[in-house]
Engineer: 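Before anything else, here's the structure in question.
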Number of protein chains: 2
Amino acid sequence: MTRADSIPKATCLRLSLYLRHLDHAAAQGLGTISSAQLAAALGGTAAQVRKDLSRFGQFGRPGVGYQVEDLRRAVRRILGVDRRWQVAVVGVGNLGRALARHQGFPQRNFDVAALFDVDPGTVGTFVEGVEVSAMDRLREVVAERNIRLAMLTVPAEAAQAAADALAKAGVEGILNFAPISVRVPSGVALYPADLTVLLEQLSCAARCVPAARAAEAGPEGRIGP
Amino acid sequence: MTRADSIPKATCLRLSLYLRHLDHAAAQGLGTISSAQLAAALGGTAAQVRKDLSRFGQFGRPGVGYQVEDLRRAVRRILGVDRRWQVAVVGVGNLGRALARHQGFPQRNFDVAALFDVDPGTVGTFVEGVEVSAMDRLREVVAERNIRLAMLTVPAEAAQAAADALAKAGVEGILNFAPISVRVPSGVALYPADLTVLLEQLSCAARCVPAARAAEAGPEGRIGP
DNA sequence: TAGATTGTTAATCGATTAACAATC
DNA sequence: TAGATTGTTAATCGATTAACAATC
């Protein structure tokens, strides 16, 4: 099993993508999969897949490939998703509400088990069967419901205070959707997830291609699928 | 101005974070900012900030730093956000609806100007003043409204077909929230944005720290802010 | 056995950091 | 002038790729 000492972010991302594809493969009844197949499905290289996996042990058989079920189990354990996680959403606005309702989370072992907001009109209401709690009950509720991860969807001004409260309450990881960088103590994992930043990256990437597109463009002036 | 030949993804991400902080700095009335200040606000190094910026030209003055307004303008141009972008949301479920309503987008030059769905019950309804169109009108609407970017929030089964339709319609970039990898022609930018993958990365990162936390933990058994 | 595919080592590539002369 | 901070070069670091012996 080897130690997960500290997995590079990029490796961690790819592992999650491998798992997603392994789930698809399992659903299709595939018994075995090769590093080349996994790479092709994700747009990476076979060497990279093998390298990523070999960091944690020997899961494949030369000449055969990987058993889909075995690898799935192994990757789930590595990622820590071989059991359910209780997650909080802090800030019940448009985005927070959508996250609370998102069916993809419980399907993949993440339960949104607590909601928090400062607005007295929102506190006490229910979203997807979960009651919205006041921010000042955060510590209590986090402990009670065994919350270990949080998604932060509050305005920029409120983000740092909310992150502090979460860290104090013992949350181990924060997904930060707020449009500002927050600080957390070293024992807490923090992932930036500002959606506007994603769109800006996209616009940046899109800007680099128009010349290439014009050159490649077919009769319709557009590249086909 | 130097060319944006092809900006590394990591650089592009940081530029977006610099811009976000420059906006905060400008709002606070700061006239000048140093690479060290910018780095401190984001958790990077001053050398990295200077390196990132110098790729595009010389924006600062030795001994002084960067003019906030000048740098802001420059970074906006580099990222391509010095003008408005028309964006489509494909798939009007919980998440798609939240994205359509998200105030952070128009505030930062991204207008959600088109919505698409296959459900006849959803088509024709309005979200945030924008009517939901049927998928088979995608090409037409994209052309009419000058849509150049899209956010894909459809189920896994529908994702590839939707991505194909978007590429054919001439969209230049796709933010893919669907839980599956899709292929796009080389002229189209594609960013993965599966929120479950983000949570899995978080759980992966959180798993690596409990030992460290226990060691560092203060009297309350928790690390302070 | 022959063909396929792994795990791992060595070589390559790119990105980050440190250092410093140039400049305000 | 002295102190500060840039832009850039060289050194370091880590990650990706290629190659191949080992193995099924």
Engineer: Flag the pair R108(B) and D23(B) as a salt bridge only when some basic side-chain nitrogen lies within less than 4.0 angstrom of an acidic carboxylate oxygen.
Structural biologist: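 Salt bridge between R108(B) and D23(B), a charged N being under 4.0 Å from a carboxylate O: yes.
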Engineer: Just name whichever nucleotide pairs with dT12(D), Watson-Crick or G-U, keeping both distances under 3.5 Å, else none.
Structural biologist: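 Result: dA15(C).
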Engineer: Would you mind pulling out the nucleotide paired to dA21(C), Watson-Crick or G-U wobble, both distances under 3.5 Å?
Structural biologist: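 Base partner found: dT6(D).
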Engineer: Specify the residue among D52(A) and A46(B) whose closest nucleotide of DNA chain D lies further upstream toward the 5′ end.
Structural biologist: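 Closest to the 5' end, via its nearest nucleotide, is A46(B).
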Engineer: Please state whether the phosphate of dG7(C), meaning OP1 or OP2, lies under 4.0 angstrom from any side-chain nitrogen or oxygen of Y66(A).
Structural biologist: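 Y66(A) to dG7(C) OP1/OP2: side-chain N or O found under 4.0 Å.
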Engineer: Would one find a side-chain N or O of T45(A) under 4.0 angstrom from OP1 or OP2 of dT17(D)?
Structural biologist: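 The answer is yes; a side-chain N or O of T45(A) sits under 4.0 Å from OP1 or OP2.
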Engineer: Between dT8(D), dT6(D), dA22(D), which nucleotide has the shortest distance from any of its atoms to the side chain of S34(B)?
Structural biologist: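 Of the options given, the side chain of S34(B) lies nearest dT6(D).
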Engineer: Counting only side-chain heavy atoms from C-beta out, which of dC24(D), dA15(C), dA10(C) sits nearest to V64(A)?
Structural biologist: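 Output: dC24(D).
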Engineer: Can you measure I33(B) atom CD1 to dT6(D) atom C1' for me and round it to whole angstrom units?
Structural biologist: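 In whole Å, dT6(D) C1' and I33(B) CD1 are 15 Å from each other.
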Engineer: For a quick check of understanding: with a heavy-atom distance under 4.0 Å over all strands, which category does T11(A) fall into, base, sugar-phosphate or nothing?
Structural biologist: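 Here T11(A) touches no strand at all.
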Engineer: Whole angstrom is fine here: how far is it from CZ in F56(A) over to P in dG7(C)?
Structural biologist: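 One finds 13 Å between P of dG7(C) and CZ of F56(A), rounded.
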Engineer: To the nearest Å, how far apart are L71(A) CG and dT6(C) C1'?
Structural biologist: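 Between C1' of dT6(C) and CG of L71(A): 13 Å.
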Engineer: Would you say dT6(C) has OP1 or OP2 under 4.0 Å from some side-chain N or O of S35(A)?
Structural biologist: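 Answer yes for this pair, as a side-chain N or O of S35(A) is under 4.0 Å from OP1 or OP2.
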Engineer: Rounded to the nearest angstrom, tell me the gap between atom CG in L53(A) and atom P in dT8(C).
Structural biologist: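 From L53(A) CG to dT8(C) P: 12 Å.
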Engineer: Round to the nearest Å and state the distance from F59(B) atom CZ to dC24(C) atom C1'.
Structural biologist: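 In whole Å, dC24(C) C1' lies 19 Å from F59(B) CZ.
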Engineer: Between Q48(A) and D52(A), is there a side-chain donor-acceptor contact under 3.5 Å, judged purely by atom types and distance?
Structural biologist: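 Their side chains do not contain a donor-acceptor pair, so the 3.5 Å distance test is not met.
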Engineer: Is any side-chain N or O of Q48(A) closer than 4.0 Å to OP1 or OP2 of dA15(D)?
Structural biologist: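 Answer no for this pair, as no side-chain N or O of Q48(A) is under 4.0 Å from OP1 or OP2.
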Engineer: Which atoms form the tightest heavy-atom contact between A162(A) and L152(A), and what is the distance?
Structural biologist: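 Closest approach of A162(A) to L152(A), heavy atoms only: CB-CD1, 3.5 Å.
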Engineer: What is the distance from CZ of R55(A) to C1' of dG14(D), rounded to the nearest Å?
Structural biologist: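 Result: 11 Å.
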Engineer: Do we see a donor-acceptor contact under 3.5 Å between the side chains of S181(A) and R20(B)?
Structural biologist: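 Judged by distance alone, the side chains do pair up.
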Engineer: Give a yes/no on whether any side-chain N or O of Q58(A) is located under 4.0 angstrom from OP1 or OP2 of dT8(C).
Structural biologist: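 For Q58(A), the contact criterion (side-chain N or O under 4.0 Å from OP1 or OP2 of dT8(C)) is met.
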Engineer: Salt-bridge test for R84(A) and D111(A): reply yes if a basic N is under 4.0 Å from a carboxylate O, no otherwise.
Structural biologist: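 The answer is yes: the pair qualifies as a salt bridge.
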Engineer: Would you please confirm or rule out a distance under 4.0 Å between OP1 or OP2 of dT16(D) and any side-chain N or O of R14(A)?
Structural biologist: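 So the side-chain polar atoms of R14(A) do come within 4.0 Å of the phosphate oxygens OP1 or OP2 of dT16(D), strictly under.
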Engineer: Counting side-chain heavy atoms from C-beta on, which of dA18(D), dA15(C), dG7(D) comes nearest to P8(B)?
Structural biologist: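 Closest nucleotide to the P8(B) side chain: dA15(C).
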Engineer: Give a yes/no on whether any side-chain N or O of R50(B) is located under 4.0 angstrom from OP1 or OP2 of dT6(D).
Structural biologist: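 Affirmative; the distance criterion is met.
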Engineer: Starting at CG of L71(A), measure out to OH of Y18(A) and round the result to the nearest 0.5 Å.
Structural biologist: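 OH of Y18(A) is found 10.0 Å from CG of L71(A).
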Engineer: Nearest to the K51(A) side chain among dG7(C), dA15(C), dA10(C), which nucleotide is it?
Structural biologist: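 Nearest nucleotide to the side chain: dA10(C).
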